[in-house]
Amino acid sequence: MTITQLKYVLAVAEHKNFTLAAEKCFVTQPTLSMQIQKVEEELDIQIFDRTKKPIQLTEIGLKIVNQSKNIVNEADRIQDIVDQQKGFIGGEFRLGIIPTIMPTLLPMFLNNFIKKYPKVKLIIEELNTNEIIEKLKNGHLDAAIAATPLEEEKIKEIVLYFEPFVAYVPENHQVFQKKEIEISDLNIDEILLLQDGHCFRDGILNLCKNQYQNEKNHFQIESGSFETLIKLADEGLGTTLLPYLHTLNLSEKDQLKLKHFVEPKPAREVSLIFPKNELKIHIIDALRTTISGVIKGAIAFQNVQIISPLQKK
């Protein structure tokens, strides 16, 4: 059997459809089917149960797919070894970034990175944390930037920085006159949240999980953007929390409505995450060095309390 045949097996296992798998592999469906059949004949077993829809792995097929992932990854590592020996930093690199980090961090480092490493073709996707974890496990991402810790066994995390939460409080709010606020000053019923699926939202819920919740609240608003939450807060509909880097782009007028927390400041840990097989580690290291270089001047907070993005049930 060949590496190409194993890649075809992995594609069918992922998409559960021969036609779709063939499209993703840029081959015809008969070609892909024939190559997989050759593997099954060579091993004298059935990898897929074709009687079921969608197509399912057999018991032995599941074990073969898991081993195939290891073999394909190790084969890819050969090119990594050659590139590192030559000092070559280039090629395609697929990077995922969560939505609450992408708009602020990406403009800070992207230009520097592509100028310093022009032979790297960055393919960047905005994805939520669950999508990132799934794509890292399936080999569809080389690395990602997300809030951590994630406690995923097959994923390695390198901390880039700690980003404090900052409260955005309208002028008519009872804590507006305070220079600094405490977590106990927050009422979870008044906090405008991002939509479900954002780890920043889960971090806030964890931060405020012991605060009062009023089941008779007259309305509940969730939005996909911080800009909308800020406008709603300005209308007197509540307060919101922002990641520190996002506050740097606010107008001078809106800056006056920001309230920092007393130390230790609640914060999120932002990390570069990647599979533990460390494929393309030379590019990952280059990315980490570039981001660390630009972020030092933007975030100087040290005494922080890390709030997990994982919402405890």
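Just the heavy atoms: all of them, side chains too, but no hydrogens, waters or symmetry mates, feed the values below.
Between Glu171 and Lys257 there is no salt bridge, since none of the side-chain N atoms of the basic residue sits less than 4.0 Å from a carboxylate O of the acidic one. Using a cutoff of 4.0 Å between basic side-chain nitrogens and carboxylate oxygens, Lys276 and Glu152 are not scored as salt-bridged.
A single hydrophobic cluster is seen to contain both Met1 and Leu62, as judged by linkage of ILVMFWY side chains at heavy-atom distances under 4.5 Å, directly or through other members. Linking ILVMFWY side-chain heavy atoms closer than 4.5 Å, directly or via other members, places Val169 and Ile183 in a single hydrophobic cluster. One hydrophobic cluster holds both Phe48 and Ile45 under the rule that ILVMFWY side chains link at heavy-atom gaps under 4.5 Å.
The aromatic ring centroids of Phe109 and Phe113 lie 6.0 Å or more from each other.
At a threshold of 4.5 Å between non-hydrogen side-chain atoms, the residues Glu41 and Gln37 count as touching.
Note on ring orientation: taking the six-membered ring where Trp is involved, the planes of His260 and Tyr244 are tilted (angle from 30° to 60°).
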In sequence, state the C-alpha distance, the side-chain angles, and the governing distance for Arg268 and Thr148, and then conclude on side-chain hydrogen bond (donor to acceptor under 3.5 Å, both in side chains).
-> CA-CA 7 Å; Arg268 63 175 174 178; Thr148 54; over 6 Å; no

I would like to know whether Gln29 and Thr19 meet side-chain hydrogen bond (donor to acceptor under 3.5 Å, both in side chains); could you show each step before the answer?
CA-CA 5 Å; Gln29 189 268 330; Thr19 302; 5.1 Å; no

Would you please test Asp254 and Asp234 for side chain to side chain contact (heavy atoms under 4.5 Å, CB included) and show each step? CA-CA 9 Å; Asp254 286 342; Asp234 285 337; 4.2 Å; yes

Problem - Ser292 and Thr289: CA distance, side-chain angles, deciding distance, side-chain hydrogen bond (donor to acceptor under 3.5 Å, both in side chains) verdict - result: CA-CA 5 Å; Ser292 297; Thr289 301; over 6 Å; no

Q.
What verdict does the side chain to side chain contact (heavy atoms under 4.5 Å, CB included) test give for Leu287 and Phe93, after you've listed the backbone C-alpha separation in whole Å, the side-chain angles of each residue and the deciding distance to 0.1 Å?
A. CA-CA 11 Å; Leu287 195 60; Phe93 190 84; 4.1 Å; yes

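Annotation for Glu59: atom CD does not count as buried by contact number, only 12 or fewer foreign heavy atoms lying within 6.0 Å.
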Determine all donor-acceptor pairs shorter than 3.5 Å in which one atom belongs to a side chain in residues 6-14; sequence neighbours excluded.
from	atom 1	to	atom 2	distance (Å)
Glu14	OE1	His140	NE2	2.6
Glu14	OE2	His140	NE2	2.5

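Residue Pro103 comes nearest to Pro99 through the heavy atom pair CD-O, 3.0 Å, listed as atom of the first residue, atom of the second, then distance. Annotation for Phe176 and Lys259: closest pair O-NZ, 2.6 Å, computed over non-hydrogen atoms. Glu163 and Leu245 make their closest contact through OE2-N, 2.7 Å (heavy atoms, listed as atom of the first residue, atom of the second, distance). Closest non-hydrogen pair, Tyr168 versus Ala233, comes out as CD2-CB, 3.8 Å.
A distance of 10.0 Å separates NZ of Lys16 from CD1 of Ile55, quoted to the nearest 0.5 Å. Thr290 contributes atom OG1, which lies 11.0 Å from atom CG of Leu160 (distance to the nearest 0.5 angstrom).
One N or O on the side chain of Gln255 and one on the backbone of Thr247 form a donor-acceptor pair closer than 3.5 Å. When atom types are taken as modelled, the side chain of Lys135 and the backbone of Gly96 share no donor-acceptor pair closer than 3.5 angstrom.
Listed by chain and residue number, Leu127, Asn128 satisfy the side chain to side chain contact (heavy atoms under 4.5 Å, CB included) test with Glu131 (two or more places apart in sequence, or in another chain).
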